[in-house]
Engineer: 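Before I ask anything, here is the structure I am working with.
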Amino acid sequence: MHERLLNDELRLFRDTFRDWLKREVTPHYEKWEHDGGCPREIYRKAGEQGFLLLNQPSTFGGLDLDFRFSAVLIEEIALAGANGLAFWLHSDIIAPYVEHFGNDAQKKFWLPKMASGESIAAIAMSEPGTGSDLQAMQMTAVREGDDWVLNGTKTFISNGINSDVVIVAAKTPAETAAKAPATAKLKYTPLTLFIVEKSRKGLSVGRKLEKMGLKAQDTAELFFSDCRVPNANVLGEVGQGFLYLTKSLGRERLCMAIHSIAAARYALALTLDYIDSRHAFGKKISEFQNTRFKLADIASEIEVTQAFLDQCVLDLNENRDLTMNAAVAKLKATEVLSRVTDECLQLFGGWGYMAEYPISRAYADARVWRIFGGTSEIMREIIARKVLE
Ligand SMILES: Cc1cc2nc3c(=O)[nH]c(=O)nc-3n(C[C@H](O)[C@H](O)[C@H](O)COP(=O)(O)OP(=O)(O)OC[C@H]3O[C@@H](n4cnc5c(N)ncnc54)[C@H](O)[C@@H]3O)c2cc1C
């Protein structure tokens, strides 16, 4: 967020969290990348310091803070180059599902555990055969007495290994579908969300997926084979899952956009250091006109996008509808990040391609932001739909 939007409280929070990252994350991050995931205890440590579930009510273990604090936290993680630390997913995507759609018993049980870091959360929508087209989901949930029986496979699940609890989307019988308003362009699919403990019989975790980037984030497959879940674990109402997902995706996309622009700033900072010390043809790399113009383009893209994101952060704080603007924010910010990391890596020459240089990691980490949480193409579809309304 632009410095001028911060007050003393936000600055203090930022500095405290930044120091914590320097102590607890940066020294270990390379090892976590090597291990293919962060240790579970980092969530406990963050919980102890009050860095999880910032926006949730204190009655459920949260901190009653507004979304600007989340934005600052997300930015600091990206500015530290710790892209695999998915606190935003746990606190800003999954906790709001429980907070907004869960009943009191579910909130009382899960939110305090998530705030303390005792329980780590994941969300499972994507399947091997479908990610963008959620209506084509194959996973089913069938009612049997007081239980639902879940069958199917989820894949690409972030926190798939470390999590204790997963919000799972599954198809329920056709008659459970939420009724779409007459003006809706899409028919609603009968999806239902379930809170599923990882310890449930019939749920097994598949392999940890090898990724080109975000290596410190564990991503896995989940298999459900006659996994029985009590009716009390239905999140919200049966058949309303598609509505809940579409309502929540705006916030998710904004978080990703915020991360992306801060990650672009991180790549720029790495580059500024390098080009000032590297020489060619008797000059610093920073002195070539090409370098200066590239930096000007990069800075312009970052600043213009930042201004839009800041407005979105304030809009979210005021509960304004973000459907269109969050899609714009994600599309723009993630594409800026891709361009910026590519241009920055180029300024490193061959060293940029070497894994020992953090810019190569920044480049590899950047690629996924245009894909997950809705691809750039899906963002364009959402925006086009609004434009054509
Ligand atoms: C590292 C990582 C972590 C992830 N974490 C999670 C997670 O925690 N939980 C979860 O549920 N999912 C997660 N995902 C899945 C992610 O959200 C999906 O990969 C993404 O939504 C795209 O779906 P897909 O991979 O099935 O691609 P597809 O839907 O098969 O798309 C393939 C291509 O077709 C394009 N396309 C599809 N539909 C259209 C259209 N209508 N118009 C134009 N082009 C179109 C896409 O843009 C894309 O280029 C993760 C993915 C990754 C890579």
Engineer: Using side-chain heavy atoms (C-beta onward) and a distance below 4.5 Å, is Glu144 in contact with Arg228?
Structural biologist: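 Side-chain contact under 4.5 Å: yes.
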Engineer: Between Thr219 and Lys211, is a side chain to side chain donor-acceptor pair (under 3.5 Å) present by the stated rule, with each step listed?
Structural biologist: CA-CA 8 Å; Thr219 309; Lys211 308 190 292 299; 2.9 Å; yes
Engineer: Do Val336 and Phe372 share a hydrophobic cluster (ILVMFWY, side-chain heavy atoms under 4.5 Å, transitive)?
Structural biologist: yes
Engineer: Quick one: which of Tyr43, Trp20, Phe69 gives a ring-ring contact (aromatic ring centres under 6.0 Å, His included) with Phe51?
Structural biologist: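 Only one of Tyr43, Trp20, Phe69 forms a ring-ring contact (aromatic ring centres under 6.0 Å, His included) with Phe51, namely Trp20.
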Engineer: So does Ala121 get a backbone contact from the side chain of His90, meaning a donor-acceptor N/O pair under 3.5 Å?
Structural biologist: yes
Engineer: So, does Lys171 use its side chain to make a donor-acceptor pair with the main chain of Leu191 at under 3.5 Å?
Structural biologist: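 No, because the side chain of Lys171 does not come within donor-acceptor range (under 3.5 Å) of the backbone of Leu191.
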Engineer: Do Asp310 and Leu314 have side chains that get closer than 4.5 Å, going by heavy atoms?
Structural biologist: no
Engineer: Taking only residues two or more places apart in sequence, or in another chain, which ones meet Glu30 in a salt bridge (Lys or Arg N to Asp or Glu O under 4.0 Å)?
Structural biologist: none
Engineer: Pick from Leu222, Ile167, Val229: which one makes a side-chain contact (heavy atoms from CB on, under 4.5 Å) with Val196?
Structural biologist: Val229
Engineer: Count the heavy atoms of every other residue, nucleotide or ligand shown that sit under 6.0 Å from NZ of Lys332, and state whether that count exceeds 12.
Structural biologist: no
Engineer: What's the shortest heavy-atom distance between Ala122 and Ser158, and which atoms?
Structural biologist: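 For Ala122 versus Ser158, the nearest heavy atoms are CB-O, 3.4 Å.
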Engineer: Is it the case that one hydrophobic cluster holds both Ile74 and Phe17, taking links as side-chain heavy atoms less than 4.5 Å apart, direct or via other members?
Structural biologist: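 Shared cluster, yes.
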Engineer: Does Thr192 use its side chain to pair, donor to acceptor, with the backbone of Gly239 at less than 3.5 Å?
Structural biologist: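 It does hold such a pair.
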Engineer: Set out, in order, the CA-CA distance, both residues' side-chain angles and the distance that settles side chain to side chain contact (heavy atoms under 4.5 Å, CB included) for Asn151 and Cys227, then state yes or no.
Structural biologist: CA-CA 7 Å; Asn151 276 294; Cys227 176; over 6 Å; no
Engineer: Side chains of Phe223 and Val205: closer than 4.5 Å at any heavy-atom pair?
Structural biologist: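 No. Closest side-chain heavy atoms not under 4.5 Å.
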Engineer: Begin with the C-alpha distance, continue with both residues' side-chain angles, and end with the deciding distance and a verdict on salt bridge (charged side-chain N to carboxylate O under 4.0 Å, His left out) for Lys154 and Glu221.
Structural biologist: CA-CA 6 Å; Lys154 297 292 182 185; Glu221 297 171 304; over 6 Å; no
Engineer: When rounded to the nearest 0.5 angstrom, what distance separates CD in Glu377 from CD in Glu381?
Structural biologist: 9.5 Å
Engineer: Is a side-chain N or O of Glu127 found less than 3.5 angstrom from the main chain of Gln138, in a donor-acceptor match?
Structural biologist: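 Indeed, once roles are kept as given, a pair shorter than 3.5 Å links the two residues.
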Engineer: Under 4.0 Å between a side-chain nitrogen and a carboxylate oxygen: does that hold for Asp218 and Lys208?
Structural biologist: no
Engineer: Is atom CD of Glu210 surrounded by more than 12 heavy atoms (other residues, nucleotides or ligands) closer than 6.0 Å?
Structural biologist: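 At most 12 heavy atoms, drawn from other residues, nucleotides or ligands, come within 6.0 Å of this atom.
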Engineer: Can you tell whether the side chains of Glu287 and Arg292 come within less than 4.0 Å, N to carboxylate O?
Structural biologist: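 Salt bridge flag = no for Arg292 with Glu287.
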Engineer: Looking only at atom types and distance, does a side-chain atom of Ser116 sit under 3.5 Å from a main-chain N or O of Gly47, one as donor and one as acceptor?
Structural biologist: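 Side chain of Ser116 to backbone of Gly47: no pair is present.
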Engineer: Applying the 4.5 Å side-chain criterion to the ILVMFWY set and letting contacts propagate, would Phe13 and Phe67 be lumped into a single cluster?
Structural biologist: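 Cluster IDs for Phe13 and Phe67 match.
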Engineer: Do we see a donor-acceptor contact under 3.5 Å between the side chains of Asn317 and Asp66?
Structural biologist: yes
Engineer: Does the side chain of Glu75 come within less than 4.5 Å of Ile258's, by heavy atoms?
Structural biologist: yes
Engineer: Between Gln56 and Glu99, is a side chain to side chain donor-acceptor pair (under 3.5 Å) present by the stated rule, with each step listed?
Structural biologist: CA-CA 7 Å; Gln56 278 57 49; Glu99 181 195 353; 2.8 Å; yes
Engineer: Answer with yes or no whether the side chains of Arg370 and Ser338 bring together a donor and an acceptor at under 3.5 Å.
Structural biologist: yes
Engineer: Between the side chain of Arg11 and the main-chain N/O of Leu6, is any donor-acceptor distance below 3.5 Å?
Structural biologist: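 Checked: pair present.
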Engineer: Working to the nearest 0.5 angstrom, can you tell me the gap between Asn231 CG and Trp148 CH2?
Structural biologist: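 Between atom CG of Asn231 and atom CH2 of Trp148 there are 7.0 Å.
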Engineer: In sequence, state the C-alpha distance, the side-chain angles, and the governing distance for Glu343 and Ile298, and then conclude on side chain to side chain contact (heavy atoms under 4.5 Å, CB included).
Structural biologist: CA-CA 8 Å; Glu343 295 287 10; Ile298 287 170; 4.0 Å; yes
Engineer: Counting distance only, does the side-chain N/O of Asn159 pair as donor-acceptor with the main-chain N or O of Asn162 below 3.5 Å?
Structural biologist: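 Side chain of Asn159 to backbone of Asn162: no pair is present.
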Engineer: May I ask you to test the Lys294-Asn290 pair for a side-chain heavy-atom distance under 4.5 Å?
Structural biologist: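 Counting from C-beta outward, Lys294 and Asn290 do come under 4.5 Å.
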Engineer: Assess whether a salt bridge exists between Glu335 and Arg380, defined as any Lys/Arg side-chain N lying under 4.0 Å from an Asp/Glu carboxylate O.
Structural biologist: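 Salt bridge between Glu335 and Arg380, a charged N being under 4.0 Å from a carboxylate O: yes.
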Engineer: Do Asp64 and Ser58 have side-chain N/O donor and acceptor atoms under 3.5 Å apart?
Structural biologist: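 Yes.
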Engineer: Could you verify whether a donor N or O on one side chain and an acceptor N or O on the other, from Asn325 and Gln311, lie under 3.5 Å apart?
Structural biologist: no
Engineer: Compare all side-chain heavy atoms of Trp32 with those of Val25 and state whether any distance is below 4.5 angstrom.
Structural biologist: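 Side-chain contact under 4.5 Å: yes.
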Engineer: Starting from Phe288, can I reach Leu347 by hopping between I/L/V/M/F/W/Y residues whose side chains sit under 4.5 Å apart?
Structural biologist: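 Shared cluster, yes.
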Engineer: Determine, step by step, whether Arg44 and Glu118 satisfy the salt bridge (charged side-chain N to carboxylate O under 4.0 Å, His left out) criterion, reporting the C-alpha distance in whole Å, the side-chain angles of both residues, the deciding distance to 0.1 Å, and the verdict.
Structural biologist: CA-CA 6 Å; Arg44 278 269 205 190; Glu118 180 189 342; 5.0 Å; no
Engineer: Applying side chain to side chain contact (heavy atoms under 4.5 Å, CB included) to Met139 and Thr153, what does each step give before you reach the verdict?
Structural biologist: CA-CA 7 Å; Met139 174 142 179; Thr153 302; over 6 Å; no
Engineer: Tell me, do Ile195 and Trp110 make a side-chain contact under 4.5 Å, heavy atoms counted?
Structural biologist: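 Counting from C-beta outward, Ile195 and Trp110 do come under 4.5 Å.
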Engineer: Does Lys201 use its side chain to pair, donor to acceptor, with the backbone of Asp226 at less than 3.5 Å?
Structural biologist: no
Engineer: Would you name the heavy atoms of Leu254 and Ala329 that are closest together and state the gap between them?
Structural biologist: CD1-CB, 4.4 Å
Engineer: Can you hop from Leu272 to Leu337 via hydrophobic side chains spaced under 4.5 Å?
Structural biologist: yes
Engineer: Using side-chain heavy atoms (C-beta onward) and a distance below 4.5 Å, is Leu270 in contact with Phe348?
Structural biologist: yes
Engineer: Counting only heavy atoms not in Asp146, do more than 12 sit closer than 6.0 Å to its CG atom?
Structural biologist: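 Atom CG in Asp146 is not packed in, count stays at 12 or less.
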Engineer: Verify whether the ring centers belonging to Tyr353 and Tyr363 lie closer than 6.0 Å.
Structural biologist: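 Not under 6.0 Å, so no.
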Engineer: Between Lys198 and Val166 (side chain of the first, backbone of the second, donor and acceptor by atom type, cut-off under 3.5 Å), is there such a pair?
Structural biologist: no
Engineer: How about CD on Gln289, more than 12 heavy atoms from neighbouring residues, nucleotides or ligands closer than 6.0 Å, or not?
Structural biologist: no
Engineer: If we ignore hydrogens and angles and just use 3.5 Å, is the side chain of Asp164 paired with the main-chain N or O of Ile120 as donor and acceptor?
Structural biologist: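 Yes; at least one donor-acceptor contact below 3.5 Å.
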Engineer: Once side-chain hydrogen bond (donor to acceptor under 3.5 Å, both in side chains) is applied, what residue pairs with a partner in residues 241-263 remain, sequence neighbours excluded?
Structural biologist: Asn55-Arg251, Asn83-His259, Asp92-Arg251
Engineer: So is Lys31 actually on top of Tyr29's ring, under 6.0 Å and inside 45° of the axis?
Structural biologist: no
Engineer: Kindly check if the number of other-residue, nucleotide or ligand heavy atoms within 6.0 Å of CG (Asp8) is above 12?
Structural biologist: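 Count not over threshold, so no.
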Engineer: At their closest point, which heavy atom of Ala267 faces which heavy atom of Val340, and how far apart are they?
Structural biologist: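 Scanning both residues completely, I find the closest heavy atoms to be CB-CG1, 4.4 Å.
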Engineer: Roughly how far, to the nearest 0.5 Å, is the CG atom of Asp365 from the CD atom of Gln217?
Structural biologist: 9.5 Å
Engineer: Looking at Glu3 and Arg14, is any side-chain nitrogen of the basic one under 4.0 Å from a carboxylate oxygen of the acidic one?
Structural biologist: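 Glu3 and Arg14: salt-bridged.
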